[in-house]
Amino acid sequence: MVAPPLPPTGVFTYPGDTNIQDIVLLPDGSHLLAVFRIGSVNLWSVLVYGWIEIVATVAVGILVVALLRLLHRRRVIGQPHCRRCNYLLVNLGADVCPECGIELTSRNRVVGRPRRLRVAVTVGLLVAVFAGYATGYRRLARQGSVSTWCQWLSPGLYDYALRHRQSWLLDHKSWRCRVVEIDLADGSVTRTLVSRDGIWPGPLVLHPDGRSFFFSQGDVITHHDLANGRRLGAFRLDESSPRRLHRLTVDAPGETVYAMTMDNVVWAWHLADGTRERVLDVVDLTGGRERQFRFLRLIPYHDRLICQEQPTGSIGVNPQLLDSTVWDLTTRTPVGSLGPIASSFLMSSGGRWLVGPRGSPPVFDVWDLETRTLRETIRPSWGQGPGVSRRFMLGADNRFVVLPGPAANELHLWDLDTSTWAGVCAAPVTSWMRARLETDGSRLVAVAKTLAGPTITDKIVTWDISTLLRDRDPAEPLPP
Ligand SMILES: [Zn+2]
């Protein structure tokens, strides 16, 4: 019997142009942390872009006010007038203006002068401003380093510009990055724990004790208390050239954070005393031998990494299988070899399994990272479906491997305990980004994209997979 695909218990979308970069399930079983990148218009950049119009408008305003005053305040040449009300002050005995009552000090008496020249000069300046704008508004620079001096972001204006196709406003796009807590029951954002502007966010990692988390953004990692979002510490790369951190994990006791830069340098940040050290880089890993490409991946919640080397002579990122070695980051020595694995492999969230595709149509090898042995090979019968070719692996925890099915809107769960297909989850989406499973195996959460016309919407989809497992007859393997 083939079980029908399990429908989702929730499909959640978020207002505006919100990218969901990463998700982490929280130990309470009812919330997750998500990294949102919210599309926004940088108002400062818009102001800088409009500097010519702003200067011209201010100049015209000042000149028009001056001209109106000149034309309205006719004065008799050579005669004193009240500064406030322009009353002609002749034949007066008192020191007070009879019209408005102001005390007539010498400052408050103005003598009428010929104004034809002043009117002509003001009109001439107005003409000069219009002529200058007409010739200069296309030639003067409108954007430069000044445009990025300040991040003054408006997600609301970005939404407006997107809806009304104001592409000139969309050119001033920047991002607001947020770490938010989401209630899995209804998808609502219950708290915003971190909010920062502009910089590209990296991964999110939960501390093993479940009470704090690490968030990397640009060249900075911050450590936050989960209860109140308070910052507990920060690690910043202090090298001269700006480098982005793009991989992050913490060891099993939660004492050392490992971070890797885009150019494959691994750093350790010791939380107890705040010290840091440069652990190793690719030259250490290859003993100085010339190699063209190396792929490094930190094993989640372990003091270990996987180094893959592409043989000399091959060009570009090679889809072939690469020699893979596990290194210990505390001793900085190799601990053993994993055999040839594609660089697009995936690890389980606790760092226990490695799942790697092989061949075409692909089969999936499941390696035990502790013993470095091949545990089993998952052989999907559907071959090269649309989901398989686009993004063939999504997520793995200690028990399940989640793979996209033959239909783009399906996820297939492989049960590592029984070495059988556990079931199929489906949702109305166009493609899958990543999947996470609750540690007790009761819930699957995935990030997906839906394409409707030119609009791409990110979604969070949840399923209660405990029902799927309960309904299934364990003696009867589910045909994929
Ligand atoms: Zn007066």
Side-chain angles (χ1 to χ4, degrees), residues 11-23 34-64 126 129-180 182 187-189 191-202 204 215-220 242 244 429-431 433 447-460:
V11 180
F12 311 127
T13 57
Y14 297 89
D17 185 31
T18 298
N19 287 176
I20 302 163
Q21 288 287 113
D22 201 1
I23 54 169
V35 180
F36 280 2
R37 264 189 341 137
I38 304 162
S40 308
V41 170
N42 186 357
L43 297 175
W44 169 257
S45 173
V46 174
L47 284 182
V48 171
Y49 184 82
W51 76 268
I52 304 169
E53 284 75 15
I54 293 169
V55 168
T57 306
V58 169
V60 166
I62 291 170
L63 290 169
V64 165
L126 265 176
V129 169
F130 283 118
Y133 179 73
T135 53
Y137 83 105
R138 281 185 188 279
R139 297 185 193 170
L140 295 168
R142 289 177 174 271
Q143 274 165 309
S145 57
V146 186
S147 308
T148 55
W149 280 3
C150 176
Q151 295 278 344
W152 183 16
L153 302 183
S154 168
L157 187 60
Y158 188 85
D159 274 359
Y160 168 85
L162 211 58
R163 276 201 311 274
H164 296 87
R165 301 183 184 205
Q166 297 292 317
S167 60
W168 71 277
L169 270 177
L170 300 179
D171 290 344
H172 301 279
K173 184 174 190 175
S174 191
W175 298 95
R176 173 162 284 167
C177 302
R178 281 194 181 141
V179 177
V180 295
I182 289 171
S188 62
V189 173
R191 289 188 295 160
T192 297
L193 292 152
V194 183
S195 181
R196 274 186 230 141
D197 290 343
I199 314 165
W200 197 272
L204 189 68
F215 175 51
S216 118
Q217 199 179 12
D219 60 350
V220 182
R244 198 151 75 82
V429 302
T430 311
S431 65
M433 301 309 294
V447 177
K449 289 189 186 288
T450 305
L451 194 70
T455 312
I456 299 170
T457 309
D458 281 23
K459 291 180 176 176
I460 290 177

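How far CD1 of Ile38 is from OG of Ser195: 7.0 Å, rounded to the nearest 0.5 Å. Here Leu169 contributes atom CG and Leu157 contributes atom CG; the two are 5.0 Å apart, rounded to the nearest 0.5 Å. How far SG of Cys177 is from CZ of Arg196: 8.5 Å, rounded to the nearest 0.5 Å.
Side-chain contact check for His172 versus Val41: some heavy-atom pair is nearer than 4.5 Å. Looking at Trp51 and Val146, their side chains never come closer than 4.5 Å, going by heavy atoms from C-beta outward. Here the side chains of Thr57 and Tyr133 are not in contact, with every heavy-atom distance at 4.5 Å or above.
Shortest non-hydrogen contact noted between Gln217 and Phe215 is OE1-CE2, 3.9 Å. Counting all heavy atoms, side chain and backbone alike, Leu204 lies closest to Asp22 at N-OD2, 3.2 Å. Scanning all heavy atoms of the two residues, the minimum distance from Gly39 to Lys173 falls at CA-CE, 4.1 Å. Nearest approach of Ala34 to Ile23, heavy atoms of both residues: CB-CG2, 3.9 Å. Nearest heavy atoms, Asn42 versus Ser174: CB-CB, 4.3 Å. Considering every non-hydrogen atom in both Ile20 and Asp458, the closest pair reads N-OD2, 2.7 Å.
Qualifying side-chain hydrogen bond (donor to acceptor under 3.5 Å, both in side chains) partners for Thr18, counting only residues two or more places apart in sequence or in other chains: none. Residues satisfying the side-chain hydrogen bond (donor to acceptor under 3.5 Å, both in side chains) test with Ser188, not counting sequence neighbours, are Asp186.
In this structure, Leu170 places its CG atom where more than 12 heavy-atom neighbours from other residues, nucleotides or ligands lie under 6.0 Å away.
Taking the six-membered ring where the residue is Trp, Tyr14 and Phe36 present tilted rings, their angle falling between 30° and 60°.
Evaluation of the salt bridge (charged side-chain N to carboxylate O under 4.0 Å, His left out) test over residues 154-169, restricted to residues two or more places apart or in two chains, returns none.
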